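Remarks on the structure that follows.
It should be emphasised that the depicted structure is a prediction, and the values quoted were computed from it without experimental measurement.
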Amino acid sequence: MSWLDDLEKKLHDADVQVVNDAKSPSGKPHVGALRGVLIHDAVYKFLKDKGIKVKNIYGSDDYDPMDELPGGETAEKYDKYLGAPLSNVPAPKGSEHKDLAMHYISDFFKIFDEIGAEAEFYYMRDYYKSGFFNEAIDTLLSRAAEVREIYKRVSNSDRPNDWFPAQVVCEKCGKLGTTQIIDWDGKEATYVCRDDMVTWAKGCGHKGKMSPFNGNGKLPYKVEWAAKWKYLNITIEGAGTDHNTRGGSRDVADAVSRKIFNYNPPVNIPYGFFLLGGAKMSSSKGIGATARDMTNFLPAEILRYLMLNTQPKRAINFEPSQMFITKLFNDYDKLHNKFIQGTELVDYEKQIYTLSNVFSDEKYEVVDFSLIVTLIQLPHININEKVEERLNRKLTNAEKKNLERRVNAAKYWLKNLASEEERIQLQEKMPLEANELSQTQIAFLRIFAEHIKNIKPTEDNFQTAVFDASRLTPINPKLAFEAIYRVMLNKQQGPKAGSLIAYIDKDFIQKRFNEPAFNEIEFWKESSLTENEYNLWLKENSEKIIEKTEKNYTIDNVSVKEISVSMNDNKIYVKRVM
RNA sequence: GGGCGCGUAGCUCAGGGGUAGAGCAUCUGCCUUUUAAGCAGAGGGUCGGUGGUUCGAGCCCACCCGCGCUCACCA
């Protein structure tokens, strides 16, 4: 992966590389937030692996003001908190946490473990309340003019002379996002709580004077970013494309970092969004997948592979379609199989595989995802047994665990994401598309139905019967299977036909398979050989033939010949000549 | 309007100076059980456009066209 190799060349000269990322806990984090988590985790693991001293920290920006209503919550209940620090907003009813910030971030932090991301968590409220950022606040307020100049120069944003780069929590209404510091005497800040400060919250109009230290005040996002870099010694931090635009927050933070704090900004890794079906997923609107949804769906190594195999700058276009999901699993499996078979992996393959497969070095066999999807849709099937049957051996514990995770993924996909067409569904009525079956296929269905009347109804017997009936028709087995899937599922392909038939009512099969309109003379025209072709076939197979019986018919005044041929392998072939 | 990304085979995409690639789809041949993906082979692309740099350009540069995301309040 060139982006990691490139990164190594850009590293700061520091004793310890500090990788940082953060999330404002204003709602259920959407899946895109995982991209940042995994990119930073990959950087951390990559550098550690190179023997470079590195630590990975992840912050909850829980002193940020609440700038939108939490999903699913009513305005009347939360309106009054808009603009207050998230750590001061009560959690929704029924939550095990006291405040809104912890309510949202704690589950997100649990995800780290589940996807194999390692980070030390920190909470901005602690840093503010403990006075950790007092010095930064003091510096910024004292040098407000320079900060205003940076805003103007970098992002063409006019900040009036009575604007200072910090905000305090209003003593009267508890809001932070609405206050403007209008004067600073080196110890105390004079502020106004304005109703026109921001569009998303209204202040109470209070005017006061207080110390901005020890949690009374907070830095606005862009300058806070720079202060974090400086005071947490951050050397690497990526951010989404929304921050990485000219004049955007990253540019402002860069300038503040250099000019005010005299600190070289961390190495940047701009990364693109995570798009669902071409559209951006939005957590605030409750549309699309949350990080939790995605973690519940995909096994960790697949999710990691998805996030890390795409160049950071490029958007990830996630589609919940069967094709996309299957390809995702198969792409990963290709690497995995190379690995367990001992095939030499090229550097980038090795890198992405190691970064994806973080939980186990064991050489376990993976089971094809599409096979699992098929199997779990058939009733009464024990997947473990099926897979063991296929492998012809018992599954190891690692394999069982992996299989279980994939079964869960398949179930999740079927339940939440699969379209109707992608689900296997037994057709209650003969599908219209069955009209497109050839007469040979229709004949096959009738022959098959007749053939299975007297066999023992096991999966294997039915499966064998498909091939037996194919020879008796005769028809290319592929077309035979297509006919079966068409009349049962209205699809061209499906799960193993023998299994499918074994679990379906016999009368239904008889009725359905005999239902399509059969035209015997057309069937003969389609399927019969010329005398020459037949003789050629006889010649080629003469050694194997044990017995043959010919029957002559007249159909629509045409005389035809049906030859039943027994071979030395007990198989019976039917040939038609007209 | 600015920034970033994308445009390569019918479809999904990889490749970032040295003879245009993969998977799926299509076609051909083979197969007595691959059945969502059996084996072998084939066809299929003026790499969005126009210029430029170079012995040589999908690749680098400039401009243009189309699509997507994003920013200009806040985070």
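- Nearest to the side chain of Trp200(A), among C74(B), U70(B), A75(B), sits C74(B).
- Atom OH in Tyr332(A) sits roughly 21 Å away from atom C1' in A22(B) (whole-Å rounding).
- Taking atom P on both C73(B) and C65(B), the two are 27 Å apart, rounded to the nearest angstrom.
- For Lys327(A), no side-chain nitrogen or oxygen approaches OP1 or OP2 of U12(B) to under 4.0 Å.
- Here G21(B) sits opposite C13(B) as a Watson-Crick or G-U wobble pair (both hydrogen-bonding atom distances under 3.5 Å).
- With a 6.0 Å cutoff to the six-membered ring centre and a 45° limit on the axis angle, Arg159(A) does not count as a cation-pi contact of Phe164(A).
- The side chain of Phe467(A) has U33(B) as its nearest neighbour among C74(B), G2(B), U33(B).
- Here, G56(B) and U19(B) have their C1' atoms 12 Å apart, quoted to the whole Å.
- Nucleotides G48(B) and G5(B) are separated by 16 Å at their P atoms, to the nearest Å.
- In this structure, Asn317(A) places its CG atom 12 Å from P of U70(B), rounding to the nearest Å.
- Rounded to a whole Å, the OH atom of Tyr63(A) is 17 Å from the C1' atom of A75(B).
- The gap from the C1' atom of C60(B) to that of G2(B) amounts to 24 Å, rounded to the nearest Å.
- Within 4.0 Å of Ser155(A), counting heavy atoms only, lies no atom of the nucleic acid at all.
- Partner assigned to G29(B) is C39(B), using Watson-Crick or G-U wobble distances below 3.5 angstrom.
- In terms of phosphate contacts, Arg314(A) brings a side-chain nitrogen or oxygen within less than 4.0 Å of OP1 or OP2 of A14(B).
- Using a 90° window around 0 for the glycosidic torsion, G52(B) falls outside it and is classed as anti.
- When both pairing distances are held under 3.5 Å, A62(B) makes a Watson-Crick or G-U pair with U50(B).
- Relative orientation of the His243(A) and Tyr221(A) rings is tilted, given thresholds of 30° and 60° on the angle between their planes.
- Taking atom CG of Asp61(A) as the reference point, atom C1' of A75(B) lies 9 Å away to the nearest angstrom.
- Counting any heavy atom pair closer than 4.0 Å across all strands shown, Arg159(A) reaches sugar-phosphate atoms only and no base atom.
- Taking the C1' atom of each, U46(B) and G58(B) are spaced 12 Å apart, rounded to whole Å.
- Nucleotide G16(B) carries a syn base; the chi torsion (O4'-C1'-N9-C4 or O4'-C1'-N1-C2) is within 90° of 0.
- Contact between Gly217(A) and Tyr63(A) at its shortest, heavy atoms only, is O-CE2, 4.1 Å.
- Along RNA chain B, the nucleotide nearest to Phe481(A) and the one nearest to Phe324(A) differ in position, and the one closer to the 5' end is contacted by Phe324(A).
- In this structure, Phe369(A) reaches neither bases nor backbone, as no heavy-atom distance under 4.0 Å exists between it and the strands shown.
- For C69(B), the paired nucleotide is G3(B), the pair qualifying as Watson-Crick or G-U wobble because both relevant distances are below 3.5 Å.
- We find that NZ of Lys218(A) is positioned 6 Å from P of A75(B), with the value rounded to whole Å.
- Here U70(B) is the nucleotide among U33(B), U70(B), C73(B) with the atom lying nearest to any side-chain atom of Asp242(A).
- Using a 4.0 Å heavy-atom criterion, one finds that Thr241(A) contacts the sugar-phosphate atoms exclusively.
- The distance between atom CG of Asp196(A) and atom C1' of C74(B), rounded to the nearest whole Å, is 15 Å.
- Across U33(B), C4(B), A75(B), the shortest atom-to-atom separation from the side chain of Thr464(A) is found for U33(B).
- No close placement of the Phe513(A) and His451(A) rings is indicated, their centers lying 6.0 Å or farther apart.
- Within 4.0 Å (heavy atoms only), Thr326(A) reaches at least one base atom of the nucleic acid.
- Here the nucleotide nearest the side chain of Leu275(A), chosen from C73(B), A75(B), C69(B), is C69(B).
- Minimum atom distance to the side chain of Lys313(A) is reached by G5(B), of the listed G5(B), A75(B), G2(B).
- Both cation-pi conditions hold for Arg471(A) and Tyr573(A): the charged atom is under 6.0 angstrom from the six-membered ring centre and inside a 45 degree cone around its axis.
- Looking at Thr310(A), its side chain does come within 3.5 Å of a backbone N or O of Leu306(A) through a donor-acceptor pair.
- The gap from the P atom of G41(B) to that of G21(B) amounts to 16 Å, rounded to the nearest Å.
- Rounded to whole Å, the separation between the P atoms of G17(B) and A62(B) comes to 16 Å.
- Along RNA chain B, the nucleotide nearest to Asn244(A) and the one nearest to Trp413(A) differ in position, and the one closer to the 5' end is contacted by Asn244(A).
- One atom, CD1 of Ile455(A), and another, P of U33(B), lie 17 Å apart when rounded to the nearest Å.
- Of the listed nucleotides (C69(B), A75(B), G3(B)), G3(B) has the atom at the smallest distance from the side chain of Arg246(A).
- Residues Tyr123(A) and Tyr128(A) place their aromatic rings such that the two centres sit no closer than 6.0 Å.
- Spacing between U28(B) and A20(B) at atom C1', rounded to whole Å, works out to 24 Å.
- Rounded to whole angstrom, the span from the NZ atom of Lys23(A) across to the P atom of A75(B) amounts to 14 Å.
- In this structure, Lys230(A) contributes its side chain and Ser257(A) its backbone to no donor-acceptor pair below 3.5 Å.
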